[in-house]
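Shown next, in structure tokens, is the structure this report addresses.
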Amino acid sequence: MIDAVCFDYFNTCTSAVRRGGGHRRTAEVLGVDPADWLAVLDRTYDERARGGYGSHLAGLRRLCTELGVEPSTAQLRAALELRLETVLADAPLRPETMGVLRTLRTAGVRIAIVSDCWFELPLLLPRTPLADVIDTAVYSCQVGHTKPHAAMYATACAQLDVDPSRCLYVGDGGSRELTGASRFGLTAVQLRAPDLGGHLTFHAEPDWRGPAVPSLEAVLDLVGTPMLVA
């Protein structure tokens, strides 16, 4: 019996993440080379996702300092807005996400978003339609650990008030999240949607041999909840 479902955010609730032109515009506002900007984002991903770079403006300033640039506060604020816009543009919600989550919620299934992220998602998610259909969100930058650390799953289960054995975890496999969820006692399922493959992800687990679904709608079959007809 499944009482709750934890969803990864990027590449799961969203379409496959693809880096667009917003990163170049952000770099230009900050006065850094666009290629260097992407390189420093990749290099610092783990530490940023654990919350190690501090608040949003302080974190952006630290990245620039590492690139030998000292932007003004006005530049940082402009870059912050561009950064938020870019994250949304690079990872739009899947067309089926809202319908699936609404169906689960109507059926009384509790829902959590469990995401490795920097400051952007805690600022953005409350502004998205997801805020109305989830029970809680667990952000690595606030927990202080990234998946597959047990603290991410423990926090989600505690906030959902659910035993891990009655909780489903759905993700594309980035951050070795499926192995971590399974190890903690959740039933882990990989999303293998057609758009995934060659997408932006960190620490993937191509060796996952557990359950998999081709779409988010298939999660409803696992839970035993028929899709609502709009």
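Keep in mind that what you see is a predicted model, and the values were worked out from it rather than measured.
Both Leu216 and Leu104 are members of a single hydrophobic cluster when ILVMFWY side chains are connected at heavy-atom separations under 4.5 Å. Hydrophobic clustering of Ile, Leu, Val, Met, Phe, Trp and Tyr side chains at less than 4.5 Å, counting indirect connections, unites Leu101 with Ile2. In this structure, Tyr153 is not a member of the same hydrophobic cluster as Val189, with clusters built from ILVMFWY side-chain heavy atoms closer than 4.5 Å. Tyr45 is connected to Leu67 through a chain of hydrophobic side-chain contacts under 4.5 Å among Ile, Leu, Val, Met, Phe, Trp and Tyr, so both are in one cluster.
In this structure, Phe119 and His56 have tilted ring planes: the angle between them lies in the 30° to 60° band.
The structure places CD1 of Ile113 at 8.0 Å from CG of Leu121, a figure rounded to the nearest 0.5 Å. Note that CD of Glu205 and OG of Ser175 are 9.0 Å apart. Values are rounded to the nearest 0.5 Å.
Ala78 and Val29 get closest at one heavy-atom pair: CB-CG1, 3.8 Å.
Proximity of a side-chain donor or acceptor of Asp8 to a complementary backbone N or O of Ser115 within less than 3.5 Å is not detected. A donor-acceptor contact shorter than 3.5 Å links the side chain of Thr155 to the backbone of Ala151. Side chain of Arg24 to main chain of Pro34: no donor-acceptor pair is present (N/O by atom type, distance under 3.5 Å, no hydrogens or angles). The backbone N or O of Val114 sits less than 3.5 Å from a side-chain atom of Lys147, completing a donor-acceptor pair. Looking only at distances, no side-chain donor or acceptor of Thr12 sits under 3.5 Å from a matching main-chain atom of Tyr9. Looking only at distances, a side-chain donor or acceptor of Trp208 sits under 3.5 Å from a matching main-chain atom of Pro211. Of the possible polar contacts, one joining the Thr97 side chain to the Cys13 backbone as a donor-acceptor pair under 3.5 Å is found. When atom types are taken as modelled, the side chain of Arg43 and the backbone of Leu41 share no donor-acceptor pair closer than 3.5 angstrom.
Under 4.0 Å is where a charged nitrogen must lie from a carboxylate oxygen, and between Arg77 and Glu81 no such pair does. Between Arg48 and Asp42 no salt bridge is recorded (no basic side-chain N to carboxylate O distance below 4.0 Å).
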Let me have the donor-acceptor pairs involving side chains of residues 126-137, under 3.5 Å, with sequence neighbours excluded, atom names and distances please.
unit_1: Arg127; atom_1: NE; unit_2: Leu123; atom_2: O; d: 3.3
unit_1: Thr128; atom_1: OG1; unit_2: Leu125; atom_2: O; d: 2.8
unit_1: Thr128; atom_1: OG1; unit_2: Leu130; atom_2: N; d: 3.3
unit_1: Asp135; atom_1: OD2; unit_2: Ile111; atom_2: N; d: 2.7
unit_1: Thr136; atom_1: OG1; unit_2: Gln159; atom_2: OE1; d: 2.3

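Of the options Thr146, Asp116, Asp46, a side chain to side chain donor-acceptor pair (under 3.5 Å) to His203 is made by Asp46 and by none of the others.
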